[in-house]
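The next block holds one structure in the form of structure tokens; read it before the comments.
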Amino acid sequence: MPISGNALVRSTAALLLVGLLALAAIVGTTIWLVERNQVYFDQGLQARIARSATVNLRNALQNAETGQRGFLLTGEERYLEPYNDALPQIPDLLERFNTVQKSYPEAAASVAALNAGVADKLSELAETIALTRAGKRDEAMAIVETDRGKDAMDEARTLFDGIITAADDRIVTGIEDQRGSTNALRWVTIIGAFVIFVVVGGSAVTVMAYTRDIAKARADLEAANAGLEDRVRERTDDLGKANEEIQRFAYIVTHDLRAPLVNIMGFTAELEGTVGTLQAYMNGHDDGDDPRWNDARLAATEDLPEAIGFIRSSTRKMDGLINAILKISREGRRQLRPEQLDLNDVIETSTAAVHHQISENGGSVTSDVKVPRIISDKLSLEQILGNLLDNAVKYQDTARPLTIMVRAALAAGNRILIDVQDNGRGIASTDHERVFELFRRSGAQSQPGEGIGLAHVRTMVRSLGGEITLVSELGTGTTFTISLPRDLRNYVGSVQ
């Protein structure tokens, strides 16, 4: 049975409506799953931080005990080096441990007991070392033989093991939750793609059937009016134009709907131009006596622009969210490759990449590296520095030439500090932590972006066993400080 024009319009409209509903469902479900995945990611990251803080505190306490034993046995000060190195670190490590454990109220009793045990152990270590230095080694050994320090250390080890096991369980649970969310996202994408393909296929079949009907009608018309050349030519021209329109419509449906997100963005831009033309027409004509004219004007000047704006913002947000989660996920799965690096070479390469952008506006970028060779992951370091330098260029203060200083120096605990300082427009104090959150941005949004750069940087820094902080003031500039271990292998080994 031939397909009428009204039937084509109705069936095509129905198929397009199904496609739009499917896209809306994909967008909504994807946003929800992405947000859930972020929650699971944050929980797992917090558990890793808690585990790392516990392991670092345990290692420092064990090093202190090792130094004490060596000193008591030999009486030589050089055996106290592990004790002397660990002792100043323990208060900071203990404070860090207590801070991260506040997120887990159920561990409050264990944390309190561990604090008491650490204090008791440190007291026993200090007392025995002081006695030995005073020449009272027998009294020191007598204290050791009371098992006071051993009991405190055994209890601390038990508590350490329990807290680490709990952190491991949280990490495993977070990974399983992320895997489930990722699988759900995959199925949503597959089902959504299937629905879109069905819509495209149905539209193509309908249009092709309609095109065949038009071609058959044209052939019948030519046969019936063979003697009427002028009429046939006229009708043929009309049918040719109609066929051209149908073919164009078929191309739009079969080609553009294969990538629904991209195509909706394209059609949105086209609709904006069409609405502009319609608005210009409406503004140039006035038929205030006809209520339908007023309704049409309201739709053209207010309703349509608002709807188009919503479509554009929704598709842009979906595209940005998907790209962002793929990027952190890939980075999270990438295997770190510790290798010996000349940090000065890495910094020089990164600054050279932005030198032209800075110098063409009268600015400068310099470096001051006072660090010997380190062992770390080169690609991660390049990405971290590249992101920070790109941000400095992007958010420079246009009222003055941009200057960037990159410094690197040794720090306590066999670590290094890298400062990236600029004189850009700065960051408000209320946003110092907010800028590191995923999909969050600070200040005037005068530059394009999705709010993932600094969140990605913090994730990479933490994967290298470090931390990133900032000091900034609006109108003055910003300094990002990165603390990293000199040897990545030690950190990777401590969190196994």
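Every heavy atom of this structure was used, including side-chain atoms; hydrogens, water molecules and symmetry mates were not.
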Which atom pair, heavy atoms only, marks the closest approach of [X] to [Y]?
| X | Y | answer |
| --- | --- | --- |
| Ser376 | Leu341 | O-CD1, 3.8 Å |
| Ala60 | Ala86 | O-CB, 3.3 Å |
| Tyr104 | Ala50 | CE1-CB, 4.0 Å |
| Asp368 | Met405 | N-SD, 4.2 Å |
| Ala53 | Val100 | CB-CG2, 3.9 Å |
| Ala64 | Leu125 | CB-CD1, 3.9 Å |

Quick one, [X] and [Y] - any side-chain contact, counting heavy atoms below 4.5 Å?
| X | Y | answer |
| --- | --- | --- |
| Leu57 | Ile90 | yes |
| Asp377 | Leu464 | yes |
| Pro338 | Asp487 | no |
| Arg179 | Ile175 | yes |
| Leu385 | Ile347 | yes |
| Glu127 | Arg148 | yes |
| Asn391 | Asn387 | no |
| Val435 | Leu470 | yes |

Show your working on side chain to side chain contact (heavy atoms under 4.5 Å, CB included) between Leu72 and Thr128 and close with a plain yes or no. CA-CA 8 Å; Leu72 293 183; Thr128 55; 4.3 Å; yes

Say you draw a straight line from [atom1] of [X] to [atom2] of [Y]; how long is it, rounded to the nearest 0.5 Å?
| X | Y | atom1 | atom2 | value |
| --- | --- | --- | --- | --- |
| Gln68 | Ile129 | CD | CD1 | 5.5 Å |
| Phe71 | Thr132 | CZ | OG1 | 5.5 Å |
| His456 | Ile384 | NE2 | CD1 | 9.0 Å |
| Thr366 | Ile404 | OG1 | CD1 | 9.0 Å |
| Thr158 | Leu114 | OG1 | CG | 10.5 Å |
| Ile482 | Glu467 | CD1 | CD | 10.5 Å |

Derivation of the side chain to side chain contact (heavy atoms under 4.5 Å, CB included) call for Val55 and Ile164: CA-CA 8 Å; Val55 171; Ile164 292 172; 3.8 Å; yes

Sequence neighbours left out, what passes salt bridge (charged side-chain N to carboxylate O under 4.0 Å, His left out) with Arg133? Give chain and number order.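 Residues passing salt bridge (charged side-chain N to carboxylate O under 4.0 Å, His left out) with Arg133: Glu77.
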
Has [X] got a side-chain atom pairing as donor or acceptor with [Y]'s backbone, closer than 3.5 angstrom?
| X | Y | result |
| --- | --- | --- |
| Ser472 | Gly477 | yes |
| Asn423 | Pro401 | yes |
| Arg415 | Ser483 | yes |
| Thr146 | Ile143 | yes |
| Ser463 | Met460 | yes |
| Ser52 | Arg48 | no |
| Gln383 | Ser380 | no |

Are [X] and [Y] close enough that a side-chain donor and a side-chain acceptor fall under 3.5 Å?
| X | Y | value |
| --- | --- | --- |
| Glu382 | Thr349 | no |
| Gln38 | Asp42 | yes |
| Asn98 | Asn115 | yes |

Under 4.0 Å between a side-chain nitrogen and a carboxylate oxygen: does that hold for [X] and [Y]?
| X | Y | value |
| --- | --- | --- |
| Asp154 | Lys150 | yes |
| Arg337 | Glu339 | no |
| Glu433 | Arg458 | yes |

With sequence neighbours excluded, give me every salt bridge (charged side-chain N to carboxylate O under 4.0 Å, His left out) pair touching residues 400-414.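 Checked against salt bridge (charged side-chain N to carboxylate O under 4.0 Å, His left out) - neighbours excluded - the pairs reaching residues 400-414 are Asp397-Arg400.
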
Side chain to side chain contact (heavy atoms under 4.5 Å, CB included), that's the test. Do Thr189 and Ile26 meet it? Break it down for me. CA-CA 7 Å; Thr189 303; Ile26 294 172; 5.7 Å; no

Assess whether side chain to side chain contact (heavy atoms under 4.5 Å, CB included) is satisfied between Leu122 and Leu87, documenting all intermediate values. CA-CA 9 Å; Leu122 291 177; Leu87 189 61; 4.2 Å; yes

